[in-house]
Each structure stands twice: as C-alpha cells, then as structure tokens.
Peer 1: 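Let me give you the structure first, and then I'll get to my questions.
Lettering of chains follows the sequences in order, A, B, ..., and the numbering in each one begins at 1. This one's a predicted model, so the numbers in the text were calculated from it and none came from an experiment.
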Amino acid sequence: MAIREKLSGNEAVAVAMKQIEPDVVAAFPITPSTEVPQYFSQFVANGQVDTEFVAVESEHSAMSACIGSQAAGGRTMTATSSNGMALMWEMLYIASSLRLPIVMALVNRALSGPINIHNDHSDSMGARDSGWIQLYSETNQEAYDNFIQAVRIGEHTDVLLPVMVCYDGFITSHAVENIEILEDGEVKDFVGEYEPLHYLLDRERAISLGALDLPSIYFEHKRGQAQAMINAKQVILDVAAEYERLTGRRYGLFEEYMLSDAEVAVVVLNSTAGTTKAVVDKLRSRGIKAGLLKPRVFRPFPYDEIREALGHVKGIAVLDKAEGFSGAGGPLFTEVGSALQGIANVEMTSYIYGLGGRDVTVDHIESVFMDLKDRLADGKGNKITYLGIHE
Amino acid sequence: MTRWHDQSSATYMKLDREGDKKRSWKGEPPGGVILNSGNSKEFSTGDWRAMRPIWLIEKCTQCLLCWPVCPDMAIPVEGGERTDYNYYHCKGCGICVEVCPFDAIDFIREE
Amino acid sequence: MIEIRWHGRGGQGTKTAALFLAEAAFELGKFIQGFPEYGPERMGAPITAYNRIGDSPIKIHSNIYTPDYVVVVDETLIGPIDVVAGLDEDGGLIVNTPEDPQSVTERIAGYGGRVYTIDARRISEEELGRYFPNIPMLGAVVKVTGIMEDRFFVEAMEEILKHKFATKPKVVEGNIRALTRSMEEVVGI
C-alpha cells in the first residue's frame, strides 16, 4: 500500500535507504547532501536499521570504505555532492572497474571554483566517463524511486556496476513536496537479499580483487566493463517494469512529454524538466506544438531510443546545467547530437543554463521555445546560448 | 552465479603471457577477480633463471641465513633444516649466495 | 495554485513557517511545495522562503517571482528589500507590525493591493514568553489567504507541533494559542 507523505528530496532518499537497510553506509558530509547521512545516522542510532554506519574523515575514504565493504560482500551506499565526489574521483573508477554495485545519492551541486554550494550538474557530468550508471530525477518522488531501483539495476549479474542517483541540490534536496512511499516490507521484498557473485569474506571460495593487470589482459577487462554498461539498458527497463507493477509509476530510459507530434522540443535533465512541462502545457494551450524529452538514464546513454523519439522534431534545444568546456556546447547537447547524426532538417541548439544555482524560470524556458520557432522560420540563431546570463 | 567458477581453474590459472593471448574478454570474470586464490605458486619464475644456485650439502651448517632472504620461497625447510632448491620458483637472483657465510652455495651459469 | 513568498531574517523561523504551512496544507490533501532560498544566511541576514499550494500536482521548480501573497516576518526588511516585487495586486501583503494597514501602505510605494497587519511580536511574547514571530504569522497567512478552513488548520498544526515538540507539551499549547489569536487579530480583512 502506498503511503502518502510530504518529504524533501534528501528525506525521501534517507527513507529509501532505511527501507533498503544496506549492510554498510559510509559517508562524509557536504552541502547539500549532508542530510542524507545525517537522517540515516539517526535511523542507525535509533536502532531502526541494522546497518553499519561508517563516519569517515573524507570522501576519498568514504568511497574507499564503500569499495572495501561491497567487495567484502556487503550491500553498501553513500551520498555526496560536488567537491565531495571530486575527492572520490580515483575511487569512482576503482568501484566501477572492480564491478562493485555501490549505490550513491549524488545531490547535484556546482563544482568549484569559485566555490558555490548551489545546484548545477558539473559534478555528475564530470564523472560521466567513470563507468557509473547515472540516473537523473526530476522530483523527490523520482529520487526515491530511482534510489530503490538502483539497487536491483547495479546488482544484476549482467551489470554489476555502481549506480549514481542524481537529483538537484536544494531545488529537490531541500524542498518539501508530496510523495508516495512504499511500505518497508515492499521495499525489502523488491530489493531482496544481496547475493554477490564473488566476495572477499567468502571462506569457501577465496578470491583476490584488484590485482595488477598487464597490457595482455587489461583491455579484455575493460571490454567486459563496457558490455556491462551496454547490458544495463535492458536491465534498467526490466527493473522499471517490475517497479511499475508494484507502484503504478512508470519509468523508462527517458520521459517523453507531449513529444509524439512536437515540432519544437527541449531536452533537459532533473528539476528543470518539471518547469518545462508547465511551459509545454502553456504553449500547447496556445496551439504551439511544444514537447519535452527528459533523459532519466544518462549512462548508459540511450542513443538509438533518443534518435527514435526525437527524429521527427524539427527544432531541438538541449539544455545543459554544466558547461563542459568543449567549446562546442554542453555535454548533453553533444550526446543528443551524436544520437541524431545524419538526420536531415533538424535544427539543434545548445543552451547552457542555471550554473551555480542561477534560477531558471518559466519565462526562460518559454524564451527557448520561442527562439526555436524563430529559428525554424528564418534559420538564424546561435549554436550556443547562455540562458539567463547577464550580457 | 557459478558461471565463472565452473571454468575458473582451467581459464584463470594461466598467468603466462602466451596464455593471456588466448583469453577472450567474454570468459573473464567481472572486474578481473582472481578466483583461484594463492595461484602465484603456479607461476614458473624458474623460467627467468640465468644463473643457478647449487647447494653444497657438505659445506652447509644449516645456519638457515639463506632461507629468509629468498624472495621466491624457493628454499624449502623440512624438520628445521633446509633442503635442495625448488627450481620451479628459484629465479636465480643469487641473494642466498651473497648471504651464505660458509661458501656453501655455488652459483653457475645456466646451460 | 497559490504562490506565497516569505521574507524574514535568519533565526526567526521563516523557513520553518513555510514548511509548516506546506505540511498543514498537505494534511488537507493539497499538493504542496515548501522551500527556502539558500544563501550565506546567518542570524539576522535576510532570507526568503516559498510556498506553492494547489489542487493538482505542481510541476514548476523555480523560485516565485509573481506571488499571490507576500509575508513579511520582519518589518525592518521593508525598504532594504523590495518586498512587493512582482506581487499580484489581487493578492496581498501580510506584515508583522503593530501599525495598521494604512500606515504600512504609505511606507510602501507602488503597491496598490491590500495590506494586512498582525502584531506577531506582542502575541508571541504574551503567549510564548519569547519572540518567535513565525507561528503567529502563519495563523495570519491562513486567515488572509483562505487556503484552508481555520478549524482544519488549527487541528493540523496541533498534530504537527505535537510531533515536533513531543517532549515539550507547553510549547504546543502556547503556539496554538498564538496561532488562534493571530487568526482573530490580523487587521485588514
């Protein structure tokens, strides 16, 4: 039975963590993710969970402890943001290459500098090549649902990869909104017992992990890791189908909103997708065929499916809350561009928006759609626009 | 679940490079985990030997100074006394020859 | 959907008031958002918090620029902060002050909508013995906006406060008295 609740994004994820009751949580506080381990440590102190909570002295140590714990055979979780994840950097790669399905709440925050505590996606976009699965969440509800599904996705034997559940710092993490949560028992049943393929504390079958790989075999191990990411796509869909049967809430690789007959569309991640939906509603009432594609899964990137979904749209604006500094548009823009390679008569444009928490309003998003319409009419427009910048 | 373990001893014990060339990525366990722990004893470091130590039993006093310095544990000790070299693992480094106070170890060129 | 912007100073419980309002509305089956705008706030620094409350799911995730109502928890912010920026003239401004609405209207140039006043300081000091303006302001907001029926709101707040102050029942009683009084004493309706 669904429980109607009102929770902030961080509360929702902490509750999901409680319901999953992993063997180990190792974390170091950093704004705006701090509340996740803070609430969770209260659950531990109150005896509501049997989890070992490891208060480490840095994020590098947090991820190292997670790796040790997951390798030992424990289901393990953490939470961080921004510079915290940056300090985990080398360990992120080790977690994914050792194929340890750690689940992390990544509460998106701008990566310094100048130092800034507010939301953008420079942290997770920077880690897009680290081999972690990345799920993005528009609302507290999606953060909660993604977090529960992440356990099953990562632990699937076709995958065995760590999963990062991303949601917007402050906008989602600290805003109280309506949410439906599951009963504890339903979550326990859904995630099931963790049965690692191999683990260090298995006394019957001793293993070694993290040994030196020479050029004669390293490449093969990387190929296997790449296959795991390819396999993840189907597993994500299968887990979503099962989750839908439990909750009635549908998840895919991305969400399409009024997209099937759209002439102009926005592609955007996380909370701004909600604001975009409100704008799409408004424009549709004025007869403008506007639509939205909101990627949920950024790694693995659903190239074929996005090509299918966007192929008919004439004007597409891809909004990035990270610069990427490629000199040629944001990271989501370049990925969507690759997906649409060779499709004729598509006007594609890159928008960089909301860096360091610059608020993105209904008016901003409306201006994007209007620019797209103008562009289709006269073929003029910038390749890259900095939305809401003070010129 | 047992997919990797079933073929572990056959596939993953081979640490020689010739063997590596035959290992398809499809057969590799996730993360390159080594499933037959302690398999370094299978590795023939003896192949690296250009010089061979010869134990001269008549000069040996069983002081055992050679035993702890051997980096390959190629000097087996039984009943408190060293025995002849394990040439499967001895790589001919000659450290035992250096430490022996009684000239009880000869060091000759491999044929 | 009603959009409310709160202006207060760090330490006055402005964010908490916005969250309480969201929670109370939630208890009545509404769709809610309650969120602060985070900055380098310290005790005394101006802070802003927001509420969206409606009867259908709320999709927008931005700050509020054209609120239906603005709540000023600390009247010394009038002047340094353009509290009526974007404020709907069909809505209203609710100010914590011993003054009457007319004199506040005179202090704020360019706002033609209704102004409501409530002496939250006096109510708080009399009922709680200390200056916590947020709960009396909350009572005034509910009365002015009519987001929910008075009776339901008081019941919902009683539950919320009992939960929050489980070990301090006296705090709950004082706050409920402050809330009820402010609903009666708000001026301008």
Peer 1: Identify which part of Y50(C) has an atom lying under 4.5 Å from any heavy atom of chain A, answering side chain, backbone, both or neither.
Peer 2: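 Neither part, no heavy atoms under 4.5 Å.
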Peer 1: Could you grab the distance from atom OG1 of T275(A) to atom NE2 of H61(C), nearest 0.5 Å is fine?
Peer 2: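 The distance works out to 7.0 Å.
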Peer 1: To the closest 0.5 Å, what do you measure between NZ (K59(C)) and NZ (K277(A))?
Peer 2: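 That separation rounds to 7.5 Å.
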Peer 1: Is the shortest side-chain N to carboxylate O distance from E27(C) to K6(A) below 4.0 Å?
Peer 2: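 So E27(C) pairs with K6(A) through a salt bridge.
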Peer 1: Is it the side chain or the backbone of D168(A) that comes within 4.5 Å of chain C heavy atoms, both, or neither?
Peer 2: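 Nothing of D168(A), per the 4.5 Å heavy-atom cut-off to chain C.
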Peer 1: Tell me which of these, G357(A), S8(A), S271(A), G354(A), has more heavy-atom pairs under 4.5 Å with chain C than the rest.
Peer 2: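 So the answer, after comparing G357(A), S8(A), S271(A), G354(A), is S271(A).
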Peer 1: Check whether any side-chain heavy atom of V176(A) lies under 4.5 Å from a side-chain heavy atom of F35(C), and answer yes or no.
Peer 2: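 Contact flag for V176(A)/F35(C) side chains = no.
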Peer 1: At what distance, to the nearest 0.5 angstrom, does CD1 of I60(C) lie from OG1 of T272(A)?
Peer 2: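 One finds 12.0 Å between CD1 of I60(C) and OG1 of T272(A).
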Peer 1: Examine the side chains of H174(A) and E37(C) and answer whether a donor and an acceptor come within less than 3.5 Å of each other.
Peer 2: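 No, no side-chain donor-acceptor pair sits under 3.5 Å.
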Peer 1: Tell me, side chain or backbone of L19(C) under 4.5 Å from chain A's heavy atoms, or both, or neither?
Peer 2: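 It is the side chain, since no backbone atom gets that close.
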Peer 1: Are there more than 12 heavy atoms of other residues, nucleotides or ligands under 6.0 Å from atom CZ of R250(A)?
Peer 2: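 Result for CZ/R250(A): open.
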Peer 1: What residue pairs, at least two apart or across chains, pass side chain to side chain donor-acceptor pair (under 3.5 Å) with a residue in residues 149-158 of chain C?
Peer 2: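 As it turns out, the side chain to side chain donor-acceptor pair (under 3.5 Å) pairs with a partner in residues 149-158 of chain C, which skip direct neighbours, are K143(C)-D150(C).
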Peer 1: Just verifying a value: how many Å separate I117(A) CD1 and Y38(C) OH, rounded to the nearest 0.5 Å?
Peer 2: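 If I round to the nearest 0.5 Å, the distance is 9.0 Å.
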Peer 1: Does any backbone or side-chain atom of H118(A) lie under 4.5 Å from a heavy atom of chain C? Answer side chain, backbone, both or neither.
Peer 2: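 Looking at H118(A), just its side chain touches chain C.
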Peer 1: Under 3.5 Å, is there a donor-acceptor pair between the side chain of D359(A) and the main chain of N63(C)?
Peer 2: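 Yes.
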Peer 1: Select one option (side chain, backbone, both, neither) describing which atoms of K30(C) are under 4.5 Å from chain A's heavy atoms.
Peer 2: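 Backbone of K30(C) only, per the 4.5 Å heavy-atom cut-off to chain A.
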Peer 1: Under 3.5 Å, is there a donor-acceptor pair between the side chain of R4(A) and the main chain of F26(C)?
Peer 2: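 The answer is yes, because a donor-acceptor pair under 3.5 Å joins these two groups.
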